[in-house]
Amino acid sequence: MTPNNETTTVPPETAGFDVREFARTAHGSRRGTLDLGPLADEPLDADSVRLVRALRDMERTTLRRVRDLLVTATHKDARVTAFLTTWMFERFWTADALDAVLDVSPAARELPPSAGPARRVRAERRERRGPARRSLVANVTGTRIVAVHMTTYLVDEWITQSAYRRLTGGSSAMASIVDPVLETKHRHVRFLAEEAERRLRDSARAQRLTCRALRHAAWPLGSVDRSGHERTFFERHVFGDQRGRAEARRIRGMVAALPGIRPGVASTVESRLLP
């Protein structure tokens with residue numbers, strides 16, 4: 001039997017992250033606990049509202065991203081797919097909470113349209129492959145593609161965490177809304193980091209494939225389909241000032257600390273976050 005026909009699992013005694021507990025304690029709708037009152041007294045400015053919309057849209061792309069993942073060997077890994085099911089559920093309800101913020105924000109009605117021409121960056125051409133092409137590539141890559149997915153999803157979570165923290169820095173009224181989201185994302189990061197580190201440590205080929213993916217990815221994941229002006233806004237607002245550049249350096253350091261990830265690859269990730 002070829003590796004592409006295998007279903008991989010991690011024995012419970014070696015798995016630090018409890019996926020069953022994660023599913024049992026999944027966070028659903030936040031509407032009943034959101035404290036939106038302070039946003040009436042302290043409305044978000046236009047840039048903060050635009051960032052909320054961008055994050056809402058990113059959370060909403062989860063189903064499409066997992067759909068693309070299902071044409072690869074990753075869907076045969078029982079532990080990973082069990083995690084992803086709850087991960088999708090939690091991201092759906094995070095997007096719903098951000099919708100609630102937009103509903104009470106007057107500036108949301110004045111935002112420029114998010115649609116527009118996409119960037120055409122040569123390094124990102126791999127990101128534009130359709131599901132059929134990705135499936136063909138994955139058949140050659142085999143189960144090492146799981147390391148690629150876990151690592152790129154991990155880096156993406158680090159980037160979106162930085163964006164959420166930027167929201168709390170611009171509005172104290174957002175802290176009670178964003179803090180539970182960050183707690184949820186901390187659990188996501190725990191699983192992804194555990195899986196990425198183990199799989200990278202175990203395979204030099206997985207390291208090479210992951211380095212290639214990190215070097216060519218559009219950040220945050222899914223940005224290749226977003227308009228160029230929205231991508232520029234995200235980069236400038238989240239990483240464009242001194243604090244943002246420090247966040248980008250921190251992410252570079254975390255990427256470089258992953259097993260087998262070359263410093264040059266981590267530097268490329270950092271440079272592609274900056275405006």
Side-chain angles (χ1 to χ4, degrees), residues 10 15-17 22 51 54-55 58-59 61-62 65 69 74 80 83-84 87 90-91 94 123-124 127 144-169 178-179 181-224 231 234-275:
V10 178
F17 186 93
F22 173 57
L51 181 56
L55 287 165
M58 290 172 197
E59 302 287 0
T61 65
T62 307
R65 285 165 54 186
L69 179 149
T74 297
V80 170
F83 166 81
L84 291 174
W87 179 73
E90 293 195 322
R91 287 177 64 105
T94 296
E124 296 174 358
E127 294 284 289
R144 299 297 179 258
I145 196 68
V146 185
V148 176
H149 290 146
M150 295 297 95
T151 308
T152 53
Y153 281 21
L154 172 63
V155 175
D156 188 64
E157 290 285 3
W158 286 337
I159 293 167
T160 55
Q161 281 181 326
S162 294
Y164 278 109
R165 284 193 289 268
R166 173 66 65 164
L167 278 176
T168 60
V178 169
D179 287 350
V181 173
L182 288 173
E183 289 175 10
T184 298
K185 290 194 169 292
H186 177 68
R187 297 207 300 176
H188 300 170
V189 165
R190 279 185 53 217
F191 175 87
L192 294 168
E194 180 180 290
E195 290 293 317
E197 289 169 5
R198 177 176 64 82
R199 293 171 187 277
L200 289 171
R201 192 178 299 111
D202 289 348
S203 170
R205 184 162 182 253
Q207 294 171 8
R208 292 193 297 273
L209 291 168
T210 302
C211 283
R212 186 184 308 163
L214 292 173
R215 196 165 54 243
H216 294 287
W219 303 108
L221 292 180
S223 289
V224 71
R231 290 181 63 177
F234 184 88
E235 293 159 356
R236 288 178 176 169
H237 192 67
V238 179
F239 298 109
D241 60 9
Q242 184 176 358
R243 175 187 169 191
R245 290 190 293 273
E247 278 288 293
R249 286 195 300 272
R250 189 179 67 86
I251 291 170
R252 178 193 67 193
M254 292 189 293
V255 173
L258 292 169
I261 304 302
R262 297 188 297 273
V265 173
S267 295
T268 297
V269 172
E270 177 191 19
S271 67
R272 301 192 71 195
L273 295 177
L274 302 175

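Predicted, not measured: the structure shown is a model, and the values here were computed from it.
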Engineer: So does Val148 get a backbone contact from the side chain of Arg199, meaning a donor-acceptor N/O pair under 3.5 Å?
Structural biologist: no
Engineer: When you measure from the side chain of Thr168 to the backbone of Arg165, do you find a donor-acceptor pair of N or O atoms at a distance under 3.5 Å?
Structural biologist: yes
Engineer: For a side chain to side chain contact (heavy atoms under 4.5 Å, CB included) check, start with the C-alpha distance between Phe239 and Phe234, then their side-chain angles and the critical distance, and finish with the verdict.
Structural biologist: CA-CA 8 Å; Phe239 298 109; Phe234 184 88; 4.0 Å; yes
Engineer: Looking only at non-hydrogen atoms, find the nearest pair between Ala147 and Leu200 and report the distance.
Structural biologist: CB-CD2, 4.3 Å
Engineer: To the nearest 0.5 angstrom, please state how far the CH2 atom of Trp219 sits from the CH2 atom of Trp158.
Structural biologist: 9.5 Å
Engineer: Could you check Leu273, Thr61, Ile159, Leu55 and say which one makes a side chain to side chain contact (heavy atoms under 4.5 Å, CB included) with Pro220?
Structural biologist: Ile159
Engineer: Can you name the closest pair of heavy atoms from Thr94 and Glu59 and give their distance?
Structural biologist: CG2-OE2, 3.7 Å
Engineer: Within the structure provided, determine whether Arg166 and Val178 are in side-chain contact (heavy-atom separation under 4.5 Å).
Structural biologist: no
Engineer: Using side-chain heavy atoms (C-beta onward) and a distance below 4.5 Å, is His149 in contact with Val146?
Structural biologist: no
Engineer: Show your reasoning for whether side chain to side chain donor-acceptor pair (under 3.5 Å) applies to Thr268 and Arg215.
Structural biologist: CA-CA 6 Å; Thr268 297; Arg215 196 165 54 243; over 6 Å; no
Engineer: Considering only NZ, NE, NH1 and NH2 on the basic side and carboxylate oxygens on the acidic side, decide whether Asp202 and Arg144 come within less than 4.0 Å.
Structural biologist: no
Engineer: First locate atom OH of Tyr153, then atom CZ of Phe83, and finally report the distance between them rounded to the nearest 0.5 Å.
Structural biologist: 10.0 Å
Engineer: Taking the six-membered ring for Trp, are Phe17 and Phe22 parallel (under 30°), tilted (30 to 60°) or perpendicular (over 60°)?
Structural biologist: perpendicular
Engineer: Show the atom names and distances, to 0.1 Å, of all donor-acceptor pairs under 3.5 Å that link a side chain in residues 250-262 to residues at least two apart or in another chain.
Structural biologist:
| from | atom 1 | to | atom 2 | distance (Å) |
| --- | --- | --- | --- | --- |
| Arg250 | NE | Glu247 | OE2 | 3.3 |
| Arg250 | NH2 | Glu247 | OE1 | 3.3 |
| Arg252 | NH1 | Glu270 | OE1 | 3.0 |

Engineer: Let me see the working for Gln207 and Thr210 under side chain to side chain contact (heavy atoms under 4.5 Å, CB included), right down to the final yes or no.
Structural biologist: CA-CA 5 Å; Gln207 294 171 8; Thr210 302; 5.9 Å; no
Engineer: Rounded at 0.5 Å granularity, tell me how far CZ in Arg205 sits from CD1 in Ile145.
Structural biologist: 9.0 Å
Engineer: To the nearest 0.5 Å, how far apart are OG1 in Thr184 and CG in Asp179?
Structural biologist: 11.0 Å
Engineer: Answer yes or no: is there a donor N or O on one side and an acceptor on the other, between the side chain of Arg65 and the main chain of Gly222, under 3.5 Å?
Structural biologist: no
Engineer: Which atom names give the shortest non-hydrogen contact between Leu274 and Ala248, and what distance separates them?
Structural biologist: CD2-CB, 3.8 Å
Engineer: Mind checking the OH-CD spacing from Tyr164 to Glu157? Nearest 0.5 Å is all I need.
Structural biologist: 9.0 Å
Engineer: Testing the basics here: between Thr151 and Ala196, what is the closest heavy-atom pair and its distance to 0.1 Å?
Structural biologist: OG1-CB, 3.5 Å
Engineer: Do Glu90 and Arg187 meet the salt-bridge criterion of a basic N to acidic O distance under 4.0 Å?
Structural biologist: yes
Engineer: Less than 4.5 Å apart, any side-chain heavy atom of Arg190 and any of Glu194?
Structural biologist: no
Engineer: Could you state the interatomic distance from CE (Met58) to CG (Leu221), rounded to the nearest 0.5 Å?
Structural biologist: 10.0 Å
